[in-house]
Amino acid sequence: MTPPPRRPSVAADPDTTAFVRPYALTRGRTRPQYRLRLESVMHPGTGRPGPGLPEECGRITALCRARPRSVAELAGTLGCGLTPAKILISDLLAANVLVPGAAGGASDPDQALLLRLRAALTMKWLDE
Amino acid sequence: MFKVVIAGGFGAGKTTAVGAISDIPPLTTEERLTEASVPVDRLDHVASKTTTTVAFDFGRVGFTDPHPFELLLFGTPGQQRFSHLWYDVCSGAIGAVVLIDTRRLEDSFLAVSFFEQIRLPFIIAINPFDGAHLFPHEDVRQAVDIAPDIPVLCCDAREATQVAAALVTLVDHALTRLPTSLPLDI
């Protein structure tokens with residue numbers, strides 16, 4: 001790892017600018033207001049994104065209207081990093097633009113669920 | 001909703017494996033972790049912090065029969081230090097496939113130790129790269145030092161059927177790890 005420059009120039013260091021930009025999206029906030037799991041699925045709600053929200057919020061809303069999506073997929077699609085994405089999703093949840101899917105996400109699967117997954121995998125790829 | 005973790009060292013084929021069965025092209029998500037570094041003498045007396053980036057791959061498989069459900073695939077690097085991201089990725093997962101390039105076996109050791117520690121069921125999948133010597137599975141088992149009941153198989157990460165077969169093996173292994181209930185008719 002290279003040592004940090006003595007007089008860091010924010011504009012000149014591509015790594016620093018890449019760091020600053022996502023948190024500019026969140027207006028400096030570094031923690032989401034909700035604890036979101038990677039697998040939490042977001043559905044469209046009845047609220048509308050208010051003015052002042054970054055355009056990424058409109059993108060998240062459009063993506064979830066097309067098909068409910070997990071936090072991990074939304075963050076990967078936006079490409080702004082996981083925590084900034086969680087902060088924006090939290091804003092949309094607070095405004096009821098998004099609502100969380102039932103039961104939040106994965107829990108420890110039981111035998112019946114595992115057998116169901118096994119059958120689905122087999123049917124899709126391994127049955128000839 | 002199911003989660004599966006695909007772990008492995010750099011270049012072991014994680015992204016390829018995720019992409020082989022995912023309905024969407026694999027997405028890469030980054031998480032920046034800031035941690036205080038070891039204190040060192042610095043003239044400016046500013047507490048120094050280091051920022052590292054941990055990235056994971058994401059893919060999804062949608063099933064419709066009989067009811068719609070999703071399998072989420074998380075590809076995680078195996079040689080990085082564990083972070084809260086590892087716990088987030090593994091929480092609620094049915095298990096992990098540890099992809100191994102036998103030329104860089106040691107890249108898998110941290111992932112294997114981590115899954116053992118959090119008691120997440122895992123299997124070893126040897127990605128048979130061209131030019132890599134094909135070791136007998138028992139030699140790999142011994143080198144990685146895993147329990148005899150942990151499945152070891154060959155899996156070409158480019159082939160959807162082979163990745164799916166590895167997942168079926170993982171599901172079977174996870175089924176053996178479920179807490180067993182006492183039979184009623186003794």
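Order of the sequence lines fixes the chain letters, A, B, ..., with proteins taken first and strands second; residue numbering starts at 1 for each chain.
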Joint cluster assignment, A:Met123 & B:Val163, ILVMFWY side-chain distance < 4.5 Å: no
Give me the atom names and distance for the closest heavy-atom approach of A:Glu39 to B:Asp88. OE1-O, 4.5 Å
Between B:Leu72 and chain A, which part of the residue has a heavy atom less than 4.5 Å away: side chain, backbone, both or neither? side chain
Side chain of B:Glu31, backbone of A:Thr83: donor and acceptor closer than 3.5 Å? yes
Would a single hydrophobic cluster contain both B:Phe129 and B:Ile126, if residues Ile, Leu, Val, Met, Phe, Trp and Tyr are joined by side-chain heavy-atom contacts under 4.5 Å? no
Got more than 12 heavy atoms from elsewhere within 6.0 Å of CZ, B:Arg103? yes
Closest non-hydrogen atom pair, A:Ala72 against B:Thr29: O-OG1, 3.8 Å
Flag yes if more than 12 heavy atoms outside A:Arg31 fall under 6.0 Å of its CZ atom; otherwise flag no. no
Of all heavy-atom pairs linking A:Trp125 and B:Thr161, the shortest is O-CG2, 3.5 Å
Test item: B:Arg60 and A:Ser70 side chains (from C-beta on) under 4.5 Å apart, heavy atoms: no
Separation between CD1 (B:Ile21) and NZ (A:Lys124), nearest 0.5 Å, reads 8.5 Å
Heavy-atom proximity to chain A below 4.5 Å, by part of B:Val61: side chain
Quick one: are B:Phe63 and A:Arg116 in side-chain contact, heavy atoms under 4.5 Å? no
Within a reach of under 6.0 Å around CD of B:Glu106, are more than 12 heavy atoms found that belong to other residues, nucleotides or ligands? yes
Would a single hydrophobic cluster contain both A:Leu63 and A:Val41, if residues Ile, Leu, Val, Met, Phe, Trp and Tyr are joined by side-chain heavy-atom contacts under 4.5 Å? yes
Would one find more than 12 heavy atoms of other residues, nucleotides or ligands at under 6.0 Å from atom CD of B:Glu116? yes
Quick one: closest heavy-atom pair of B:Glu70 and A:Pro68, and the distance? OE2-O, 4.4 Å
Who wins among B:Thr28, B:Leu71, B:Ile24, B:Asp172 for the most heavy-atom pairs under 4.5 Å with chain A? B:Asp172
Student check: side-chain heavy atoms of A:Leu82 and B:Leu85 closer than 4.5 Å: yes
Sort A:Arg67 into side chain, backbone, both or neither according to what part of it lies under 4.5 angstrom from a heavy atom of chain B. side chain
Please answer: with hydrophobic residues joined when any side-chain heavy atoms are less than 4.5 Å apart, are B:Leu105 and B:Leu134 in the same cluster? no
Is any side-chain heavy atom of A:Thr77 less than 4.5 Å from a side-chain heavy atom of B:Leu27? yes
Got A:Leu113 and B:Ile94 here, is their nearest side-chain heavy-atom distance under 4.5 Å? no
Same cluster or not: are A:Val99 and A:Leu74 linked, directly or through other Ile, Leu, Val, Met, Phe, Trp or Tyr residues, by side-chain heavy atoms under 4.5 angstrom apart? no
